[in-house]
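First comes the structure, then the notes that go with it.
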There are 2 protein chains.
Amino acid sequence: MTNQKRSDGTRARILSAAVERFTHGGYDTTSVADICAAANVSKGAFYHHFPSKQAVFIALLERWLDELDETIRSVAAGGESAPVRLSRLAGLVGQVSELGTGRVPMFLEFWRQAAKAPEVWQVTVEPYRRFRAAFASLIGDGIREGSLRAVDPDAAALALVSMGVGLVLQGALDPAEAQPADAGEHAVALLLEGLARGSDHDTK
Amino acid sequence: MTNQKRSDGTRARILSAAVERFTHGGYDTTSVADICAAANVSKGAFYHHFPSKQAVFIALLERWLDELDETIRSVAAGGESAPVRLSRLAGLVGQVSELGTGRVPMFLEFWRQAAKAPEVWQVTVEPYRRFRAAFASLIGDGIREGSLRAVDPDAAALALVSMGVGLVLQGALDPAEAQPADAGEHAVALLLEGLARGSDHDTK
DNA sequence: TATTACATACCGACCGGTCGGTTTTTGAAC
DNA sequence: GTTCAAAAACCGACCGGTCGGTATGTAATA
């Protein structure tokens, strides 16, 4: 095996072990030794690949941000009409609230660290700004097309993203009570109803 | 001064110092010594009043829960019609998202700890269940009165509380971008629009 | 005097990070 | 293809310091 491949493999094992341990116990509680043990790697190898514990954390954050970016781009593009793309992006929120449950503790860690470390803050805030911007842009399109009421796009985008965040969080915290089937899509649908011009229940 | 009063004062000082330190630095990062220093109290006094660090944390949580209970009861009661009470309770969400910003780090701590310690989990989940229940009850009233569309009360309540949680969180994380004036009320209004029967924008 | 309230010194465990040394890989000379 | 030295990857013992909690004592109240 080439050295490069070995090195990359070790690095990858450290990262995936880190996300597993951080998810399980939080940033402060998880020790570097924990991560090393879970990754079958020595402490020396750890500090050979990363300058500090926080560096690993930030690397994870940036990796997640890249994924998110990709997802938004692929969903928000496409040539269809604004409302279609909007509800597709909104539907993504519902999916995330179900699929992403296991990752929520990690998001909580991101938020918590963001309040303390400025460099983490900037990276953490970014995805939400992008989400809101993507929604606002779509809503603006919808308004110009005449398919949505003339609301403030930014406020509506904030409302949508807020509901997404809240759904994910409550679903993770209290799956039994706050995460019935289709809860996400149902809730989002209620909000889109408030946005629609001449809502469909009286035009159909 | 009586012994009782002195004891109560010390206890109160520990609690308020704890909430200040936990808010500032998080649960794990804040040491018992930190709290003692901020409260001008010795470690002996600390462990005389509380059996452990976690016990202080839970005491804070329960205190907050009591306040919340009081608030919900006073707002959700009152003799007016359901929609009035509903929007008043919803308006509270908007207020919380502005006033409660400084407390958000503490809520994050609650959620984080809830994922690990079962006894914390139960206490943490409770307020959201009560919030949802209060909303669902009001929405049910509104539907029976005919002032709201016949949606699923539980789903609508989940949507409302989710938006509240999301607004609070984003407002705290990114005040500059995610917390324009009236953002909370504006966002909630959009959602209530989706709930209203024969919304005013197409009857006017 | 008995009990409650508080103070201080201290313990063992643990943690992030370092460091000297060892193994593995690499690339170039032969 | 073999050799070999330098570089990269890796190892694990160790260090200074911190932390939650305890043990033991003193001062104030009842």
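The analysis underlying the following values was restricted to heavy atoms, covering all of them including side chains, and did not include hydrogens, waters or symmetry mates. Throughout, a chain's letter reflects where its sequence line sits, starting with A, and its residues are numbered from 1.
Looking at residues 54-64 of chain B, you'll see that no heavy atom sits under 4.0 Å from any atom of DNA chain C. Annotation: proximity of residues 14-24 of chain A to DNA chain C (heavy atom, distance under 4.0 Å) is found for no residue.
Distances shown here put a side-chain N or O of B:His49 below 4.0 Å from the OP1 or OP2 atom of C:dC6. For the pair A:His48 and D:dC10, the criterion of a side-chain N or O lying under 4.0 Å from OP1 or OP2 is not met. Checking the phosphate oxygens (OP1, OP2) of D:dC10, a side-chain nitrogen or oxygen of A:Thr10 falls inside 4.0 Å.
Inter-residue side-chain proximity for B:Leu158 and A:His186 is flagged as unmet; no heavy-atom pair is nearer than 4.5 Å. Annotation: side chain of A:Gln113 is not in contact with side chain of A:Thr124 (no heavy-atom distance under 4.5 Å). By the 4.5 Å heavy-atom criterion applied to side chains, B:Ile143 and B:Ile139 are counted as neighbours. Residues A:Leu190 and B:Leu191 have side chains in contact (heavy-atom distance under 4.5 Å, counting atoms from C-beta outward).
Annotation: the span from A:Phe107 atom CZ to B:Leu108 atom CG amounts to 14.0 Å, rounded to 0.5 Å. Residue A:Cys36 holds its SG atom at 12.0 Å from CZ of A:Arg21, rounded to the nearest 0.5 Å. Put simply, CG on B:Leu160 and CZ on B:Phe131 are 10.5 Å apart, with the number rounded to the nearest 0.5 Å.
Here D:dA23 presents its P atom at 13 Å from OH of B:Tyr47, a figure rounded to the nearest Å. Residue A:Arg11 contributes atom CZ, which lies 16 Å from atom P of D:dA8 at whole-angstrom precision.
Of the two residues contacting DNA chain C, namely A:Asp34 and A:Gly44, the nearest-nucleotide position lying further toward the 5' end is that of A:Asp34.
Checked by distance alone, A:Lys53 brings no side-chain donor or acceptor within 3.5 Å of a matching partner on the base of C:dG17.
Classification of the B:Trp111-B:Tyr128 ring pair by plane angle, with boundaries at 30° and 60°, yields tilted.
As judged by a 4.0 angstrom heavy-atom cut-off over every strand, A:Thr30 is placed among residues touching the sugar-phosphate backbone only.
The side chain of A:Lys43 approaches C:dG16 more closely than any other nucleotide in the set D:dC10, C:dG16, D:dT22. Residue A:Ser31 has its side chain nearest to C:dC15 when only D:dC10, D:dG20, C:dC15 are considered.
One finds a salt bridge joining B:Arg144 and B:Asp141 here, because a Lys/Arg side-chain nitrogen approaches an Asp/Glu carboxylate oxygen to under 4.0 Å.
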